[in-house]
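Note that the coordinates shown come from a computational prediction; the quantities given were computed from them, not determined experimentally. Sequence lines set the chain letters: A, B, ... in the order given, protein chains first and strands last, and positions in each chain run from 1. The figures here come from the full heavy-atom set of this structure, side chains too, leaving out hydrogens, waters and symmetry mates.
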2 protein chains.
Amino acid sequence: MTDPLRTNRIYQGDSIEVMRSLPSASIDMIFADPPYNMMLGGELLRPDNSRVDGVDDEWDRFESQRAYAEFTRSWLREARRLLKDNGTIWVIGSYHNIYRVGAELQDLGFWTLNDVVWRKANPMPNFKGTRFTNAHETLLWCAKSAEARYTFNYEAMKSLNEGLQMRSDWTLPLCNGKERLKAEDGKKVHPTQKPESLLYRVILSSTHPGDIILDPFFGTGTTGAVAKLLGRQWIGLERDEAYIAAARQRIAQVEPIKDLRLLITPSKKSEPRIPFGTVVERGLLAPGSLLCDSQRRWTAKVRADGTLVATSSHGDHRGSIHQVGAAVQGAPACNGWTFWHIDRPGGAVPIDVLRQQVRAELEACAL
Amino acid sequence: MTDPLRTNRIYQGDSIEVMRSLPSASIDMIFADPPYNMMLGGELLRPDNSRVDGVDDEWDRFESQRAYAEFTRSWLREARRLLKDNGTIWVIGSYHNIYRVGAELQDLGFWTLNDVVWRKANPMPNFKGTRFTNAHETLLWCAKSAEARYTFNYEAMKSLNEGLQMRSDWTLPLCNGKERLKAEDGKKVHPTQKPESLLYRVILSSTHPGDIILDPFFGTGTTGAVAKLLGRQWIGLERDEAYIAAARQRIAQVEPIKDLRLLITPSKKSEPRIPFGTVVERGLLAPGSLLCDSQRRWTAKVRADGTLVATSSHGDHRGSIHQVGAAVQGAPACNGWTFWHIDRPGGAVPIDVLRQQVRAELEACAL
DNA sequence: CAAGGGACTGAATCCAGGC
DNA sequence: GGCCTGGATTCAGTCCCTT
C-alpha cells in the first residue's frame, strides 16, 4: 500500500478484514483484547438470588474450539505483518483462551518477553464455592523475534513502582465507578471495559511518545483514550456502531498531558493481611502443634487448615485463632495473634512473632 | 494390569515409560512439574529419548518447539489414562512452556478448573533491566471433563485464608533456607525445588486423606513429603539416581499427621441430610404449628407429612419448606431451614436449630 | 454534614445425590 | 443418563438514601 497510515481514528468493520487493508510494518505496538470464548452455561444466581450479568454477547460465541483457534491464528498473523520489526504485541485473556493464544503466538514465531498477571483487587467471588476465586487475567507481551530491539521503559516502570523493579504481577482494581461508561438507561455500554490504569502501564512501559498503537478489538476505546493522554498515536478497529460512538465521545474529552509525573499515582501501601493459615502452610508451625495462652490456662491444637480446636469449661471450640481465643475465655472478642503462644525453652512466645516472620519474607514484594 | 498399585514409593525410569506400566483410572490427583528447558542450552529429549540439539536458527527452533509439544502431548495422554474419572491434574510452568501445556491439555479434552498464579515473594531480579521482573509461575488445574465431580475442599481453603475465599493468586516464598536440599559440597541438589507451602495448598485443596497422588517428575520429592505429612498416598517417577536418593531420605524423615480431625475441615455439604419431616415426626414441631420468616412478613402452617401450607399475594402454596419459602417470596429458590422461623419468647428462631437437634441425637445414636 | 445501612455489580466455563 | 429436588453459596467497592 502506498497510502500513508491515518492515525487517531476508528476504522469500522471486521478486525481481520480491516487489518488486511493496512500497510505492513507500520505499527509500533499492538494491544489486543480479543473475545475470550467463555462458553458460559445457564444463568448463575448469587446467594441473594440476584442474577449475574454474564458475557453472552454474540461476538463471544464461536462454533468450536477449532474455530476459535483459527480465528486466533488469523488475526495474529495479520498483527505480525502490521508490526514493525522492533514492535511488540500485548494480548490479554483469561484461562479460557490465553493458552490457545500463547501457543499460536509461539507457533507464529513471536518471542515472549513476559507474561504479566493482572491481579484484580476486587474480583467477582465464586458464588457456589466450587473453585478458587478467579481473581486474575493474563497478558502476554511478545516481540516479533528473539533478536528484536524492542522498547521497554525500564526507569519509568521502576519509578511507577516506588523505586523497585516493576514485577510481572500488577495489582489493579476493576473498571467501575465513574470510569465505567454507562448508557442513558444506566446499563454498562460494554461488558468488559478494561481499566485505564492497566493501559497506562502497558503503553507507558512499551512505547515512546508519538508511537503508533493499534487496538484491533477497540470496544469503547480505553486504548485510544490512554494513548491520547500519553501523547501516542492510536488506531482502533471495531465492528459495533454503539461501541464506536461511545469511544469517539470518550476520546474527544481526553486532554493529552505532557508531564508524566502527573500519572504516577502513589500506591496504597497497607500492611499485608497475614492469615494464620499461612503460618501453618509455610511450615513455621506444624499441624498438631499445641498453643497456650501466656498464663497457660488454656491450650489449643493447630489444624491443617489453620484453624484451632480447644476444649474449655464452655465446651468444645473450633475456628480461627481469634474465635477460639474468645471462646475459651468466654470473651466477646480476642486477638489471637497476641493471645496464643508457643512453648519455647526461654518461655512462652506469642504467635505474632511468626506473623512478623512471614511479613518480613513478604516485604520484598511490595504491590 | 492386574497388579495392585503400590504406593508411597519412587519408580525409577523414564516418566512416560513408567506411566505406561501403571493401571488406568488408578490415580486421584497428579501434580506435574515438567521440564521446560526448551532453548536454554539444556538438553531436550524427544518422546523416543533421542536428543534435540539446542541451536537457535529458525529451522531448529521449530524442530525443538515441535519436539516439546510432542513430549508434552505424550505424557499428558498417559496422565489422562491414569487419572480416575473424577481425578484432577495440576501442572506448573513458566511462560516458556505453560501455554503449550495449556493448549495440549485442552486439545486432549481436559477441562480447566482454574489457572493459579504463584506470586513469588522473593523472585530473582531482572539484572539487565530489559523486562519486567519475572515474579510468578503459573499452575493449571484441570478435571478430565466438564461433568467430572472433582474434589475441592472449599472450606479448608477458606479457613486457610482466614475466612475469605481462596483466590487464584497465591503469594508464597521461593524454596530456600533450611528447606532447600543441599549436597555435601553445599550446592543445591535440584535446580528447581518447589516450596512445600505450594504443595501444601495444592494437596489440601484438591485431595482427601488416603487419596493417591502421582508426581511424574518427582525430582527431590516435595510432592511425596507433603503428601505423607497430610496423610495422602503418593507415587513418584524419576530418572535421576541422585534425586531419588535425596527424595527417599527426605521423605523418611516426615512425620505424618495421623489425627483425621486435624486434617479434615467439615463442610455443611458433607453433613447428613435431614428431611424436615423428621423434625415433625420426632415431635420437635407439632403438626399445625405456625412458622414465619425473620421479618414476619409471611406465615406458613406445618402439616403432618412435613410439608407447609401458606398464602401470599402470589396465591396459595403447598410443598416443602424450600418450595413454599421460594413461592411466598416469588424467588427462584430458597433455603427453608434458614428462611422459616418459630416464634419463641426471646424472638424468632430459625428452624435450622431443630435440624441441629436431630443431628445431635442421631450422632449420639451412632456412637 | 457525618455516619451508617442497603442495593447493586464485576470476562463466571459456579451443585449433588437419589430415583 | 435424565429428571427432580433439597438446600448451599459472596468480596470489594460505589452509589444512594436515611438517620
Q) Counting just side-chain N and O atoms, does Arg131(A) come under 4.0 Å of either OP1 or OP2 of dT9(D)? A) no

Q: Check side chain to side chain donor-acceptor pair (under 3.5 Å) between Thr88(B) and all other residues, then give those that pass, not counting sequence neighbours.
A: Trp141(B)

Q. Listed by chain and number, what are the salt bridge (Lys or Arg N to Asp or Glu O under 4.0 Å) partners of Arg261(B), not counting sequence neighbours?
A. Asp259(B)

Q: Report yes if a side-chain nitrogen or oxygen of Lys158(B) is closer than 4.0 Å to either non-bridging phosphate oxygen (OP1 or OP2) of dT9(D); otherwise report no.
A: no

Q) Does anything in residues 291-314 of chain B reach DNA chain C, meaning a heavy atom under 4.0 Å, and if so which residues? A) none

Q. Residues from residues 48-67 of chain A sitting under 4.0 Å of DNA chain C, heavy atoms only?
A. Val52(A), Gly54(A), Val55(A), Trp59(A), Asp60(A)

Q: Would you mind classifying the nucleic acid contact of Ser320(B) as base, sugar-phosphate or nothing, using non-hydrogen atoms under 4.0 angstrom?
A: sugar-phosphate

Q.
Which residue is it: Phe218(A), Trp59(A), Phe217(A)? I am looking for the one with a ring-ring contact (aromatic ring centres under 6.0 Å, His included) to His190(A).
A. Trp59(A)

Q: Just jot down the side-chain contact (heavy atoms from CB on, under 4.5 Å) partners of Thr338(B), sequence neighbours excluded, or say none.
A: Asn335(B)

Q. Of all residues at least two apart in sequence or in a different chain, which pass the side-chain contact (heavy atoms from CB on, under 4.5 Å) check with Lys128(A)?
A. Leu44(A), Asn126(A), Thr130(A)

Q. Near DNA chain C, which residues from residues 100-111 of chain B have a heavy atom under 4.0 Å away?
A. Trp111(B)

Show me the side-chain donor-acceptor pairs of residues 65-72 of chain A shorter than 3.5 Å, one per line, residues at least two apart or across chains.
from     : atom 1 : to       : atom 2 : distance (Å)
Tyr68(A) : OH     : Pro35(A) : O      : 2.6
Tyr68(A) : OH     : Asn97(A) : ND2    : 3.0
Thr72(A) : OG1    : Tyr68(A) : O      : 2.8

(Q) Among Asp56(A), Asp60(A), Asp57(A), Thr192(A), exactly one meets side chain to side chain contact (heavy atoms under 4.5 Å, CB included) together with Met38(A). Which residue is that? (A) Asp60(A)

Look for any protein N or O under 3.5 Å of an N or O in nucleotides 16-19 of chain D and output each such pair with its distance, or none.
none

Q) With sequence neighbours left out, which residue pairs that include part of residues 90-105 of chain A fulfil the salt bridge (Lys or Arg N to Asp or Glu O under 4.0 Å) condition? A) Arg73(A)-Glu104(A), Arg100(A)-Asp107(B)

Q) What stem regions, each of at least 3 consecutive Watson-Crick or G-U pairs below 3.5 Å, can be found for DNA chain D? A) C:2-10 with D:11-19, C:15-19 with D:2-6

**Q.** Selection residues 38-50 of chain A - residue pairs positive for side-chain hydrogen bond (donor to acceptor under 3.5 Å, both in side chains), sequence neighbours left out
**A.** Arg46(A)-Ser50(A), Asp48(A)-Ser50(A)

